[in-house]
Asks: 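Sending over a structure as C-alpha cells; questions will come in a sec.
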Amino acid sequence: MIGFSALISCTKDDDPAKNKCNVSNPVEEISWLKKEIDSLKNDEYSYYVIAVYKGETVFINGNCNPSVNYMSLVKNCNGDTLGYANALDNELSDKRIIWKSENYKCTL
C-alpha cells in the first residue's frame, strides 16, 4: 500500500513527464488515450500509468484481474506501441497511476 500511496501522491508540478505530450491533462486531451479509457470505464481491474521511457512520455494500460494473464503495452504520445511493459520495465521510470475505474478492485 505504501508504494501505491507514493505513486498517487505526485502532483502535476512533480511530474517529470509533464508537457512531454504538449498537454496538461493527457487523460482528457490525448484522443486515443481518452477513447481507450472511455472503453474501460466499467472495467474494475483496469488502470493507466504514465511513465518515462528513454526520455519520452509513455502510457501503460494495466489490468490487475487475478484470473487473467494480461500483457501491458507501452505506448507513446501518438498511441504507437513501443513494446510490452514487462520487457521494458527496467527502462521505465517515474511511473504513476493517472487513471483507474471508479469501482477499482485492486491495490497496487
Side-chain angles (χ1 to χ4, degrees):
M1 189 68 173
I2 292 171
F4 180 72
S5 296
L7 284 173
I8 63 170
S9 66
C10 296
T11 64
K12 288 186 180 184
D13 293 334
D14 296 333
D15 182 2
K18 182 180 178 185
N19 293 326
K20 296 276 176 110
C21 295
N22 297 318
V23 298
S24 58
N25 184 352
V27 171
E28 292 295 324
E29 297 177 64
I30 297 175
S31 60
W32 71 263
L33 182 60
K34 181 173 177 32
K35 185 176 181 178
E36 284 193 21
I37 288 173
D38 285 346
S39 74
L40 298 170
K41 291 262 187 214
N42 296 319
D43 185 340
E44 54 204 14
Y45 297 104
S46 286
Y47 60 94
Y48 256 95
V49 169
I50 191 170
V52 175
Y53 171 69
K54 295 184 177 183
E56 182 178 0
T57 299
V58 293
F59 303 92
I60 306 153
N61 174 231
N63 187 303
C64 59
N65 187 334
S67 64
V68 174
N69 187 13
Y70 187 82
M71 298 291 286
S72 298
L73 294 174
V74 177
K75 296 183 177 186
N76 65 15
C77 294
N78 295 324
D80 302 322
T81 300
L82 303 177
Y84 291 105
N86 62 337
L88 301 177
D89 193 55
N90 290 336
E91 298 178 73
L92 295 169
S93 63
D94 303 311
K95 295 183 270 188
R96 69 178 178 91
I97 294 175
I98 58 169
W99 176 86
K100 60 184 178 181
S101 76
E102 216 172 277
N103 300 318
Y104 191 66
K105 288 196 171 196
C106 304
T107 56
L108 298 175

Asks: Is the number of heavy atoms from other residues, nucleotides or ligands under 6.0 Å of Tyr84 OH greater than 12?
Replies: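 Open: at most 12 neighbouring heavy atoms sit under 6.0 Å from OH of Tyr84.
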Asks: Is there a donor-acceptor contact under 3.5 Å from the side chain of Asp43 to the main chain of Ser101?
Replies: no
Asks: Any chain of hydrophobic side-chain contacts (each under 4.5 Å) joining Val23 to Ile37?
Replies: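 Same cluster: Val23 reaches Ile37 through Ile, Leu, Val, Met, Phe, Trp or Tyr contacts under 4.5 Å.
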Asks: If you look at every heavy atom in Glu44 and Asn103, which pair is closest and at what distance?
Replies: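 Residues Glu44 and Asn103, closest heavy atoms: CB-O, 3.2 Å.
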Asks: Nearest 0.5 angstrom please: Lys34 NZ to Ile30 CD1, how far?
Replies: 12.0 Å
Asks: Would you name the heavy atoms of Pro66 and Tyr45 that are closest together and state the gap between them?
Replies: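 The answer is CD-CE2, 4.0 Å.
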Asks: If you compare all heavy atoms of Ile60 against all heavy atoms of Ala85, which two are closest, and at what distance to 0.1 Å?
Replies: CG2-CB, 3.9 Å
Asks: Who pairs with Ser67 by side chain to side chain donor-acceptor pair (under 3.5 Å), at least two apart in sequence or on another chain?
Replies: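 So Ser67 forms a side chain to side chain donor-acceptor pair (under 3.5 Å) with Asn65.
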Asks: List the steps and the verdict of side chain to side chain contact (heavy atoms under 4.5 Å, CB included) for Glu56 and Val52.
Replies: CA-CA 5 Å; Glu56 182 178 0; Val52 175; over 6 Å; no
Asks: Could you state the interatomic distance from CD1 (Ile98) to CD1 (Ile50), rounded to the nearest 0.5 Å?
Replies: 5.0 Å
Asks: Can you name the side chain to side chain donor-acceptor pair (under 3.5 Å) partners of Ser72, sequence neighbours left out?
Replies: none
Asks: Quick check for you: to the nearest 0.5 Å, what is the distance between Leu82 atom CG and Lys54 atom NZ?
Replies: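 That separation rounds to 9.0 Å.
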Asks: If only side-chain N and O atoms count, and only distance matters, is there a donor-acceptor pair under 3.5 Å linking Tyr47 with Asn63?
Replies: no
Asks: Where is the tightest heavy-atom contact between Cys64 and Tyr104, given as atom of each residue plus distance?
Replies: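 Looks like SG-OH, 3.7 Å.
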Asks: Please test Asn76 against Tyr53 for side chain to side chain contact (heavy atoms under 4.5 Å, CB included), starting from the C-alpha separation and ending with a verdict.
Replies: CA-CA 9 Å; Asn76 65 15; Tyr53 171 69; over 6 Å; no
Asks: Of all the heavy-atom pairs spanning Cys77 and Phe59, show the shortest one and how long it is.
Replies: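 Heavy atoms of Cys77 and Phe59 come nearest at CA-CE1, 4.2 Å.
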Asks: When Val74 is tested against each of Val49, Leu88, Asp80, Asn86 for side chain to side chain contact (heavy atoms under 4.5 Å, CB included), which residue passes?
Replies: Leu88
Asks: For a side chain to side chain contact (heavy atoms under 4.5 Å, CB included) with Glu29, tell me which candidate from Val27, Asn25, Leu33 qualifies.
Replies: Asn25
Asks: Is there a side-chain contact between Tyr48 and Ile97 (heavy atoms, below 4.5 Å)?
Replies: no
Asks: Indicate the atoms forming the closest heavy-atom contact of Asn78 with Trp32, along with that distance.
Replies: C-NE1, 3.4 Å
Asks: Assess whether a salt bridge exists between Lys75 and Glu36, defined as any Lys/Arg side-chain N lying under 4.0 Å from an Asp/Glu carboxylate O.
Replies: yes
